[in-house]
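Each remark here refers to the structure printed beneath this line.
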Number of protein chains: 2
Amino acid sequence: MATLKYSRQREAIKEFLATRKDHPTADVVYQNIREIYPHISLGTVYRNLTLLSDLGEILRLRLSDGVDHFDADTSLHYHFICKDCGSVIDLELDSIDHINAAAGRNFPGQIDGNVTYFYGTCKDCLLSKPMETS
Amino acid sequence: MATLKYSRQREAIKEFLATRKDHPTADVVYQNIREIYPHISLGTVYRNLTLLSDLGEILRLRLSDGVDHFDADTSLHYHFICKDCGSVIDLELDSIDHINAAAGRNFPGQIDGNVTYFYGTCKDCLLSKPMETS
DNA sequence: TATAATAACAGTAATCGTTACTGATTACAA
DNA sequence: TTGTAATCAGTAACGATTACTGTTATTATA
């Protein structure tokens, strides 16, 4: 039961996400899909983003800015968040899962994985304010 | 300007947090402080938690569960989140900041640090359901 | 010690991201 | 076709957090 039926809205959301590398929020997805399907509901966007991430077809990123970001790239990779402009950028970095063993050394529970992201200042923000006034 | 004035409510919040190692949420803080100051407002709790974390006297943890957790221990340490019961537990783990250099290898921006936490199943939850039925 | 300035308060309303509900529509199997 | 159930659009509800407002309390200074 609960057979998955085709929906052009869901397909459009998936396709849109695949074209973007900037990890858009639900609202950004909504605003863009609306240009193709002007009557799409924000609820539909949320429902399908949740459905797709439950299916493992997209990634839901819960960063520290309070809003969810979505990523069509489900392969193992890490993210950088600029603390000035808030942009989310992919990083080239090999798996750091070796830290799981170290973390579990004196821990009685079972460690399955870690959530890690990096923060700092992105290239563009470094250029736009090259020197600190402190 | 903006001189910090003493407030017994803020002091109580700080003291309460110092007694807890389970990283309570704002609402848990509120419920507990109410036993001492029955008329304290939830807004006051939020305001002071934000103030204290801005001052660096406590830590605000934004995990993936959508609610903020607070920690009186501001020393460098890492956290484990049980995906079954949601409890937040301190980990004994040396700094993993060496991953910052690896992350910055092919990255044009400036990496200041990382946010990392671990997830899995805590000891209590392992014991309460010892075998999977899959 | 008064007193004036203002930080902090309690109470409450507003905000914002997200989820749930409702009745209409659409995909798809029989 | 036609029945059914998944999906939809629209909207209301939700929960965590923040902002506002008029009152109270801390504290510097007279």
Side-chain angles (χ1 to χ4, degrees), chain A residues 1-17 22-55 57-71 81 86-88, chain B residues 1-17 22-55 57-71 81 86-88:
Chain A
M1 59 196 70
T3 316
L4 199 65
K5 281 184 185 169
Y6 174 84
S7 112
R8 57 191 70 204
Q9 289 91 340
R10 179 162 61 242
E11 209 55 33
I13 289 168
K14 232 176 108 177
E15 280 175 21
F16 169 71
L17 265 188
D22 62 346
H23 315 80
T25 62
D27 196 64
V28 170
V29 173
Y30 173 57
Q31 299 300 341
N32 280 271
I33 301 293
R34 266 219 297 196
E35 296 178 4
I36 311 169
Y37 298 102
H39 292 291
I40 196 171
S41 166
L42 181 56
T44 297
V45 172
Y46 270 106
R47 182 164 19 82
N48 281 299
L49 287 173
T50 300
L51 178 56
L52 289 170
S53 68
D54 286 348
L55 291 173
E57 300 194 19
I58 65 173
L59 242 47
R60 178 193 290 252
L61 308 178
R62 291 187 187 274
L63 311 173
S64 296
D65 61 356
V67 295
D68 289 357
H69 295 254
F70 296 89
D71 189 348
I81 296 96
S87 63
V88 183
Chain B
M1 59 196 69
T3 317
L4 199 65
K5 280 184 184 168
Y6 173 85
S7 110
R8 57 191 70 205
Q9 290 91 338
R10 178 161 62 240
E11 209 56 32
I13 290 168
K14 230 175 109 175
E15 281 175 20
F16 169 72
L17 264 188
D22 62 345
H23 317 80
T25 61
D27 195 65
V28 170
V29 173
Y30 173 59
Q31 299 299 341
N32 279 271
I33 301 293
R34 267 216 298 196
E35 296 178 4
I36 311 168
Y37 298 102
H39 292 291
I40 197 172
S41 166
L42 182 55
T44 298
V45 172
Y46 270 105
R47 181 162 20 80
N48 280 299
L49 287 173
T50 299
L51 178 56
L52 289 170
S53 68
D54 286 349
L55 291 172
E57 300 193 20
I58 65 173
L59 241 49
R60 178 192 289 251
L61 308 178
R62 291 188 187 272
L63 311 173
S64 296
D65 61 356
V67 295
D68 288 357
H69 295 254
F70 296 89
D71 189 350
I81 295 97
S87 64
V88 183

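In what follows, chains are A, B, ... by sequence order, proteins preceding strands, each numbered from 1. We use all heavy atoms of the structure for the numbers below, so side chains are in, but hydrogens, waters and symmetry mates are not.
Rounded to whole angstrom, the span from the CG atom of Leu55(B) across to the C1' atom of dA8(C) amounts to 14 Å.
Arg62(B) comes within 4.0 angstrom of nothing in the nucleic acid, heavy atoms only. Arg47(A) comes within 4.0 angstrom of a nucleotide base, judged by non-hydrogen atoms across all strands. No contact: Asp27(A) has no heavy atom under 4.0 Å from any strand.
Positionally, the nearest nucleotide of DNA chain D for Asp68(B) lies more toward the 5' end than for the other of Asp68(B) and Arg8(B). Of the residues near DNA chain C, Tyr6(B) and Leu42(B), the one whose nearest nucleotide (by heavy atom distance) lies more toward the 5' end is Tyr6(B).
Of the candidates Asn32(A), Asp71(A), Leu49(A), Leu17(A) forms a side chain to side chain contact (heavy atoms under 4.5 Å, CB included) with just one, namely Leu49(A). A side chain to side chain contact (heavy atoms under 4.5 Å, CB included) with Phe70(A) holds for exactly one of Leu59(A), Ile58(A), Leu61(A); it is Ile58(A).
In this structure, Gln9(A) does not reach the dT26(C) phosphate: none of its side-chain N or O atoms is under 4.0 Å from OP1 or OP2.
Under a 3.5 Å cut-off, the side chain of His23(A) and the backbone N or O of Val88(A) do form a donor-acceptor pair.
Closest approach of Val29(A) to Phe16(A), counting heavy atoms only: CA-CE2, 3.8 Å.
Taking 3.5 Å as the limit, the base of dA5(D) and the side chain of Lys5(A) contain a donor-acceptor pair of atoms between them.
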